[in-house]
Protein chains: 2
Amino acid sequence: MTSSSHPPAPALAPLGGVLHAPKADVDIIRCMVCDIRHKSLCNSMDEEGLAALTHSSRQLQLPPGTTIVEEGEPALAFFNVTRGTVKLFKSLPDGRRQITGFADAGQFLGLSTAQTYSFGAETVDNVRLCRFMRPQLEALLSDYPKFERRLLAAVTDKLAEAQEQMLLLGRKTAREKVATFLLDRMKAFHLTANRRQEAENLASVPMTRVDIADYLGLTIETVSRTISAFRRSLLIASAENHRIRILSATTLLNIASGQKAD
Amino acid sequence: MTSSSHPPAPALAPLGGVLHAPKADVDIIRCMVCDIRHKSLCNSMDEEGLAALTHSSRQLQLPPGTTIVEEGEPALAFFNVTRGTVKLFKSLPDGRRQITGFADAGQFLGLSTAQTYSFGAETVDNVRLCRFMRPQLEALLSDYPKFERRLLAAVTDKLAEAQEQMLLLGRKTAREKVATFLLDRMKAFHLTANRRQEAENLASVPMTRVDIADYLGLTIETVSRTISAFRRSLLIASAENHRIRILSATTLLNIASGQKAD
DNA sequence: ATGCAACCTTGATTTAGATCAAGTCCGTGC
DNA sequence: GCACGGACTTGATCTAAATCAAGGTTGCAT
């Protein structure tokens with residue numbers, strides 16, 4: 001079994017990275033002009049609610065490899081990703097790591113009922129996110145029932161996703177895992193991209209092979225070999241900017257769901 | 001990789017199994033006298049709320065192997081388990097199955113934002129549960145903010161559990177998986193048991209080896225061999241009534257968390 | 001433009017756990 | 001009390017993916 005060690009843990013910025021000095025008169029309408037608002041929790045808010053959201057949060061911009069949440073640290077804040085991709089993970093004492101999910105723009109992270117976070121979170125690429133301190137978040141939940149209901153729905157969806165991922169980790173082959181991953185990254189790109197993609201069938205893969213392996217419960221070598229095999233079979237092709245072009249989504253879908261077809 | 005086939009699917013009772021003809025005058029205080037109320041969502045309710053819960057739900061009693069929820073069927077109801085153990089699972093078209101969790105007394109199941117259930121659920125042993133139809137559940141959420149907040153917390157906890165299980169499935173060895181499972185079943189038994197256990201260190205294991213294997217992402221043979229090895233090492237011993245006695249919880253804990261100690 | 005470092009790919013070999021194959025145990029009905 | 005069937009155990013063998021081991025790419029800093 002694998003024992004992927006921690007990444008080099010680059011300069012844990014203490015989350016001070018507030019975006020361009022939040023001039024009150026600019027920041028007051030932040031949520032109202034947010035371009036991914038409609039794809040996030042925030043779409044449950046009316047104008048007044050959006051003002052409250054803006055007040056309750058700070059916007060942060062963080063470079064790749066920044067720690068957002070540290071496993072075991074006090075769970076003080078809740079985050080909404082508005083740009084880029086965040087990885088969530090859990091680790092064993094000896095360094096083995098499981099990435100439990102990637103949060104792309106529009107996704108939240110940081111919920112916890114315990115005093116401390118049971119998981120870690122780190123930026124994959126350049127990330128922008130809104131941080132809500134816990135008391136503020138709780139006030140919002142109480143003041144805006146629609147927001148609370150929306151959060152309940154969002155967590156319920158995350159749970160369904162987690163169950164899907166358990167099926168993948170427990171019962172799929174390496175080939176099936178990688179095919180599933182590529183299709184998921186294509187879906188994520190479709191949801192995330194603003195402009196109707198010049199070319200649809202693209203998947204955004206900003207994470208390294210190590211991250212993919214730790215997400216799929218494989219080693220980097222197996223991930224690399226499997227992707228190479230898909231490329232050789234002309235199911236996918238590389239594209240610029242950490243993108244992969246999906247040449248045959250239907251075939252990948254068959255593979256992902258366990259039909260041995262190819 | 002495994003290909004555990006479906007269990008014999010015994011006589012899918014159409015969920016008519018209402019407990020002893022619900023005489024209105026008995027059923028009206030059902031929730032008030034419920035002995036596991038304090039261990040469930042329902043502990044968020046005051047007296048009035050409990051009456052509302054009783055009104056909004058029906059109590060069912062189901063024998064082992066009964067289907068509660070069928071993957072892909074309309075998500076019409078939400079359930080609270082009050083007795084026994086339910087297994088939740090997802091399947092691949094070829095029959096491979098992943099059990100995503102066991103719901104013991106006090107746990108809920110059946111939440112979904114989609115029109116249909118993305119998972120199946122089946123009784124493991126004799127199960128008693130309360131069924132809430134979706135419209136009734138939604139009314140409760142709106143009428144009792146504390147209940148909604150409690151549900152949000154419960155789903156958040158389930159998500160944390162799911163992440164822990166992903167770590168197990170993706171990165172733990174067979175030995176570590178089985179040790180983790182046994183400890184979890186001990187915790188579950190402590191939470192569930194009413195009388196302070198005559199002897200503490202017992203784990204309740206009502207499910208078959210097939211279920212355990214499908215939960216841990218292993219085969220029944222590997223589960224069996226690993227349990228035998230633990231027994232030989234005197235870490236555990238069999239007990240009556242589908243119970244296992246944990247002889248060295250600390251050693252199991254070390255194994256479960258990846259220290260190679262024994 | 002060059003050299004380094006991180007990341008990725010490919011090949012050879014090993015191994016943990018799957019698969020195949022008998023049994024054994026245990027509870028239930030006759 | 002016996003035999004049938006389902007659940008479990010144990011052993012022998014196989015294999016998918018891990019591990020070990022080189023290279024090859026790429027992008028950035030000098």
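Every chain is numbered from 1, with letters handed out A, B, ... down the list of sequences.
- Each of C/dT10, C/dG17, D/dC8 was ranked by its minimum atom distance to the side chain of B/Arg209; first place goes to D/dC8.
- Taking atom CD of residue A/Glu176 and atom P of nucleotide D/dA17, one finds them 9 Å apart after rounding to whole Å.
- The base of D/dC20 sits with one of its N or O atoms less than 3.5 Å from a complementary donor or acceptor on the side chain of A/Glu221.
- In this entry the distance linking CZ of A/Phe230 with P of C/dT9 reads 14 Å, nearest Å.
- If you measure from atom CD1 of B/Ile220 to atom P of D/dG6, you get 14 Å, rounded to the nearest angstrom.
- Applying the side chain to side chain donor-acceptor pair (under 3.5 Å) test to B/Gln163 and every residue at least two apart in sequence or in another chain returns nothing.
- Between B/Phe230 and B/Leu252, some side-chain heavy-atom pair lies under the 4.5 Å cut-off.
- Straight-line distance from the CD1 atom of A/Ile227 to the C1' atom of C/dC7: 13 Å, rounded to whole Å.
- For B/Thr208, taking side-chain heavy atoms from C-beta onward, the closest of the listed nucleotides D/dC8, C/dC8, D/dA21 is D/dC8.
- The listed nucleotides are D/dA18, C/dT9, D/dC20; the one nearest the side chain of A/Ser228 is C/dT9.
- When the P atom of C/dA18 is taken as reference, atom CZ of B/Arg96 falls 13 Å away, rounded to whole Å.
- The distance from atom CD1 of B/Ile212 to atom P of D/dA7 is 13 Å, rounded to the nearest whole Å.
- When the nucleotides D/dT10, C/dT10, D/dA17 are ranked by their closest atom to the side chain of A/Thr222, D/dA17 comes out on top.
- Counting non-hydrogen atoms under 4.0 angstrom, A/Ser224 reaches a base of the nucleic acid.
- A donor-acceptor pair is defined here as one N or O able to donate and one able to accept, closer than 3.5 Å; no such pair exists between the side chain of B/Asp214 and the backbone of B/Ile99.
- Atom NZ in B/Lys177 sits roughly 7 Å away from atom P in C/dG17 (whole-Å rounding).
- Contact check for A/Val178 versus A/Leu216: side-chain heavy atoms found under the 4.5 Å cut-off.
- Between B/Arg225 and D/dG11 there is no side-chain polar atom (N or O) within less than 4.0 angstrom of OP1 or OP2.
- With distances taken from any side-chain atom of A/Thr219 to the nucleotides D/dA18, C/dA18, D/dT9, the minimum falls on D/dA18.
- For the pair A/Arg175 and D/dA16, the criterion of a side-chain N or O lying under 4.0 Å from OP1 or OP2 is not met.
- Taking atom CG on A/Asp214 and atom P on C/dC8, their separation rounds to 12 Å, with Å as the unit.
- The shortest distance between side-chain heavy atoms of A/Glu161 and B/Ser118 does not fall below 4.5 Å.
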